[in-house]
Structure formats: C-alpha cells, structure tokens
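For ligands, and for the atoms within them, numbers begin at 1 and follow the listed sequence. FYI, side chains are in, hydrogens and waters are out, and symmetry mates aren't considered; it's all heavy atoms of this structure.
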Amino acid sequence: MNSGDLSTGFTYDSAVPRVIFGAGSRRLLSAEIERLGTERLLIIATEGRASVAAEVTTQLGDRVAASFHGARQHVPVDVVQEARGVAESADCDGYLAIGGGSAIGLAKALTLESGLPIVAMPTTYSGSEMTPVWGLTSADGKRTGRDARVLARTVIYDPALTSSLPPKLAAASALNAIAHCVEALYAPDANPLTSLLAEEGVRALASALPSFGARPDEAGHQSDAMFGAFLGGMSLAAVSMGLHHRLCHMLGGTFGLPHAASHAVMLPHVIAWEERGGGEWLRRLASALDSGDPSTAIYRLRAAASVVGSLRELGLASQDLVRAVEHAGAMTGRTGVALGADAAVLLEDAYTGRAPRRWTDQEIR
Ligand code: NAD
C-alpha cells in the first residue's frame with residue numbers, strides 16, 4: 001500500500017469540474033456548451049491567445065455574444081471592471097476562458113459577482129481551471145480567496161493547444177504545476193488521495209520537462225505535462241496553500257513579477273528550506289523525481305530547460321528585494337514556524353540564482 005499511514009483517518013472535501021481530456025478534444029466544445037445550456041457566452045482570452053479565441057468564436061457561431069481579449073496576469077481590478085461592462089452590455093449567461101491562468105482568473109473574478117458558469121479550455125499548465133481559488137490585484141497588492149462558485153463547470157484539456165507555447169514558457173509553466181503538487185504534498189491538511197494525485201503529477205511533469213527544449217514538436221510530452229497540471233490543480237484545490245504560494249503571490253502581486261517564472265525560480269529554495277525534518281511528503285517527492293535530493297533535482301530540471309534562474313533576471317530591483325524580505329519574514333512554513341531572519345537568506349539565494357543551500361538545524365533561527 002502506497003498511500004501513507006491511514007491510522008489517523010482523513011477528510012477529503014473537494015468538488016471537481018467535468019473534465020474532457022485528449023488531443024483534439026477542442027472539437028467537442030460545441031457539444032459541451034450545449035450540454036451546459038449556455039446561449040450567450042463571453043469569450044475571455046489574453047491578447048496573445050486572441051487568434052485561438054477567434055477560431056473558437058467561429059466554431060461556436062450564435063452561442064457567442066461577446067469577446068474580451070484583454071485578460072492580464074494577476075487579474076487587475078480595472079480589467080475586471082472593463083470585462084464586466086462588456087459581459088453586461090451583451091447580456092452574457094456564461095464565460096468561456098481560453099488561455100492560461102490569466103484568462104481563467106478573469107472568468108473567476110467575474111463569476112465571483114455574477115455566479116455565471118465557466119467553461120475553461122487551458123493553454124498552459126497553470127492548473128487554475130481545477131481550483132476554486134480566485135485572485136484580484138489592486139493598488140493595495142494581491143488578494144486571494146476560495147469560493148466554490150468560481151470553480152469551472154467544464155474543463156476541456158486539449159494538449160495540442162499548448163504546442164504553440166515557446167519552450168521556455170512551457171517549461172516555466174510545468175514548473176509552476178510541479179509547485180502545485182509540492183505544496184499539496186506538504187500541506188498540513190494533505191490526505192492520502194491528494195498525496196497520490198500530487199506525487200503522480202510531479203512524475204508526469206518531471207518526465208515531460210526535458211522534452212520541451214529538445215523535442216518541441218513531439219506531442220507525447222504535452223499530454224504528460226497537461227495531465228500533470230490537471231493532477232496538480234486537483235490536489236491543490238483540496239488543501240491549503242503554503243509558504244511557496246505566499247511568497248510567489250507577494251512577488252507577483254506587489255512587485256509585478258511574472259507568475260510561472262517566479263514559481264520556477266523560488267521552488268528549489270522553498271523546498272530546501274522546508275525539507276529539514278523530512279517526512280512522507282519528501283519521500284514521495286524524491287520517488288516522483290527519482291532523486292534523493294529533490295531541491296537540487298528541480299533546480300537542475302529548471303536550468304536544463306533554460307528557464308530564467310533568478311529574481312534579478314526576472315527584474316526585481318535590489319531595493320524591492322529588501323521590501324520583499326520584510327514581507328516574507330512573517331510568512332510561515334509547513335510546520336507553522338515563521339521564516340523570520342531566514343527570509344533574507346532564502347530570498348537572496350533566489351535573487352542571485354545560486355543552487356539551493358543545505359539548511360541545517362543550526363541554521364533554524
Ligand atoms: P498567462 O495566462 O498569463 O499566460 C502567459 C502568457 O502566455 C500570456 O501572454 C499568454 O497570452 C501566453 N500564452 C498562453 N497560452 C499560450 C500558448 N498555448 N501559446 C503561446 N502563448 C500562450 O500565464 P499562466 O502562468 O498560465 O497564468 C498566470 C496567472 O494565473 C497568474 O495571475 C496566477 O496568479 C494565476 N493562477 C491562478 C491559479 C489558481 O488556482 N487560482 C493557479 C495558477 C495560476
């Protein structure tokens with residue numbers, strides 16, 4: 001039996017959208033929209049995915065009432081306001097989000113107020129389509145929350161839609177999905193089911209990662225990565241988020257760093273800090289990565305994929321590093337201990353892009 005110690009029992013409480021998975025499954029979109037009964041869709045995309053959104057608009061014909069191609073990272077409130085205006089003047093009765101977490105996040109922000117159903121067709125590995133987590137960014141920073149109403153009703157996973165991702169962006173997005181799995185593995189409310197999903201998610205994503213640069217035209221790794229992203233989103237949806245996400249939300253929401261790449265930079269350093277004391281989560285992670293040193297394994301996977309390796313390269317200014325350390329000091333890890341003075345060391349490591357350090361018990365401050 002590979003599902004950990006069952007003697008203490010567990011609670012699993014999570015809703016899951018209807019999921020259609022497979023290369024070419026976007027052709028089933030019309031039938032899925034019909035099944036849901038929506039007749040006046042708002043198509044939501046980023047500018048970058050406008051051409052796919054336009055193809056889908058043609059495919060769906062009369063069922064599309066309006067389009068909004070202005071979704072942006074971290075869901076700025078002014079973009080939500082603009083999209084709401086478009087949806088209301090077209091009297092929309094549902095949202096079809098085509099794209100990564102930015103398009104899906106905008107649909108969630110709209111649903112939070114309107115309650116209208118979401119169909120999501122992901123084109124990255126963000127996993128947002130599987131979670132009831134919403135985010136909104138204003139001048140005061142990024143707020144996030146959980147609400148069952150924002151969970152997509154139907155998700156169409158067509159791995160072919162990710163084939164246009166530039167290899168470095170694909171790899172960064174896959175590392176973002178690995179981060180979801182890692183957080184699900186060490187969450188205080190992890191349970192045997194979420195751990196199974198998360199471990200398998202890491203395995204699928206780590207097996208796909210080396211192929212993005214080397215064999216970008218092959219389809220197999222896109223399916224593996226999308227399956228891993230699905231498992232990562234599903235496992236994260238059922239547990240609470242930890243230190244890694246708190247740090248990345250701060251870096252994205254307060255300093256405007258790109259989402260997937262921030263996750264890719266931070267993950268090895270956060271794992272290195274969290275891995276003292278070990279535990280079942282670390283054994284699962286080591287098994288999925290086929291390595292006794294998970295933080296270094298992820299660091300190397302990222303370096304091999306040529307994904308940006310430091311907060312400095314991502315554009316964080318040195319004076320903002322000081323502010324980031326101030327924000328991070330009070331954040332707590334998986335055991336409830338605050339980062340405290342370790343925040344400066346951990347963020348400095350991420351800022352310079354050095355290999356993850358071996359924290360020893362003496363270094364626990
Ligand atoms: P994104 O949606 O912002 O996409 C990044 C860029 O890639 C955009 O310019 C987009 O146009 C382009 N792009 C997307 N798919 C493409 C494709 N197939 N080919 C070529 N270009 C493509 O990035 P993301 O990392 O998917 O999402 C980030 C956002 O999602 C953040 O705001 C983050 O907070 C949020 N998020 C939320 C959750 C959640 O559960 N709520 C989970 C993960 C991410």
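Taking a cut-off of under 4.0 Å to the non-hydrogen atoms of Lys108, the atoms of ligand 1 that pass are 39 (C), 40 (O), 41 (N). Here is the list of ligand 1 atoms found below 4.0 Å of a heavy atom in Leu169: 7 (O). Taking every heavy atom of Gly48 and a limit of under 4.0 angstrom, the matching atoms of ligand 1 come to 11 (O). Proximity to Leu161 (heavy-atom distance under 4.0 Å) selects the following atoms of ligand 1: 18 (N).
In terms of polar-atom proximity, Asn176 is not counted as a contact of ligand 1, lacking any N or O under 3.5 Å from an N or O of the ligand. Considering backbone and side-chain atoms together, Pro166 places no N or O closer than 3.5 Å to any N or O of ligand 1.
A heavy-atom separation below 4.0 Å is found between His180 and ligand 1. Contact between Glu47 and ligand 1 is absent, with no heavy atom of the residue lying under 4.0 Å from the ligand.
For atom 36 (N) of ligand 1, the nearest non-hydrogen atom from the set His249, His259, His245 belongs to His259. Evaluated by nearest non-hydrogen atom to atom 42 (C) of ligand 1, the leading choice among Ser126, Gly101, Gly232 is Ser126. The residue among Val52, Thr123, Ile104 with a heavy atom at the shortest distance from atom 14 (C) of ligand 1 is Thr123.
Residue contacts with ligand 1 for Thr131 involve side-chain atoms from C-beta outward but no N, CA, C or O (heavy atoms, distance under 4.0 Å). In His263, neither the side chain nor the backbone holds a heavy atom less than 4.0 Å from any atom of ligand 1. Here Gln73 has heavy atoms under 4.0 Å from ligand 1 in both its backbone and its side chain.
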Under 3.5 Å, which donor-acceptor pairs link side chains of residues 9-22 to any protein atom two or more places apart or in another chain?
from: Arg18; atom 1: NE; to: Glu32; atom 2: OE1; distance (Å): 2.9
from: Arg18; atom 1: NH2; to: Glu32; atom 2: OE2; distance (Å): 3.0

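In terms of the ring-ring contact (aromatic ring centres under 6.0 Å, His included) criterion, residue partners of His263 (sequence neighbours excluded) are, by chain and number, His244, His245, His259.
Taking the six-membered ring where the residue is Trp, Trp359 and Trp273 present perpendicular rings, their angle passing 60° and hence far from 30°.
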